S.K.: 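The structure follows.
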Amino acid sequence: MKLEQLLAECPKCGSKDKTVERRMLDEHKAHAEMKCISCDKCGYVFETKEDKETE
């Protein structure tokens with residue numbers, strides 16, 4: 001996700017707060033892969049792991 005997209009408002013609710021959800025890859029919690037980027041307020045999903053893999 002580009003910086004402009006990260007700073008943009010949510011198309012559903014207008015909030016600018018986002019959360020990156022990650023899945024930990026090992027028991028030491030040192031490595032993770034992204035699951036999705038979603039809006040904190042309404043839960044709108046901006047980008048998923050599958051979107052990133054198709055680019």
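Model, not experiment: these values are computed from the prediction. For this chain, numbers begin at 1 and follow the sequence in order.
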S.K.: Between CD of E21 and OG1 of T48, what distance do you get to the nearest 0.5 Å?
M.R.: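 If I round to the nearest 0.5 Å, the distance is 11.5 Å.
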S.K.: To the nearest 0.5 Å, what is the distance between SG on C36 and CD on E47?
M.R.: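 Those atoms lie 9.5 Å apart.
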S.K.: For S38 and G43, which heavy atoms make the closest approach, and how far apart are they?
M.R.: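 Here S38 and G43 meet closest at CB-O, 4.2 Å.
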S.K.: Could you state the interatomic distance from NE2 (H31) to CE (M24), rounded to the nearest 0.5 Å?
M.R.: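 One finds 11.0 Å between NE2 of H31 and CE of M24.
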S.K.: Does any non-hydrogen side-chain atom of C42 lie less than 4.5 Å from one of S15?
M.R.: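 S15 vs C42: side chains apart.
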S.K.: Let me see the working for M34 and R23 under side chain to side chain contact (heavy atoms under 4.5 Å, CB included), right down to the final yes or no.
M.R.: CA-CA 6 Å; M34 184 185 82; R23 183 178 71 86; over 6 Å; no
S.K.: Under the 3.5 angstrom rule, does the side chain of K18 hit a backbone N or O of I37 as a donor-acceptor pair?
M.R.: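 Absent.
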S.K.: How far apart are the C-alpha atoms of L25 and E33, what are their side-chain angles, what is the distance that settles it, and do they pass the side chain to side chain contact (heavy atoms under 4.5 Å, CB included) test?
M.R.: CA-CA 7 Å; L25 296 177; E33 65 181 18; 4.0 Å; yes
S.K.: Same cluster or not: are F46 and V20 linked, directly or through other Ile, Leu, Val, Met, Phe, Trp or Tyr residues, by side-chain heavy atoms under 4.5 angstrom apart?
M.R.: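 Yes; V20 is reachable from F46 via cluster members.
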S.K.: Side chains of C13 and Y44: does their closest heavy-atom pair fall under 4.5 Å?
M.R.: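 With C-beta onward as the side chain, the pair stays apart.
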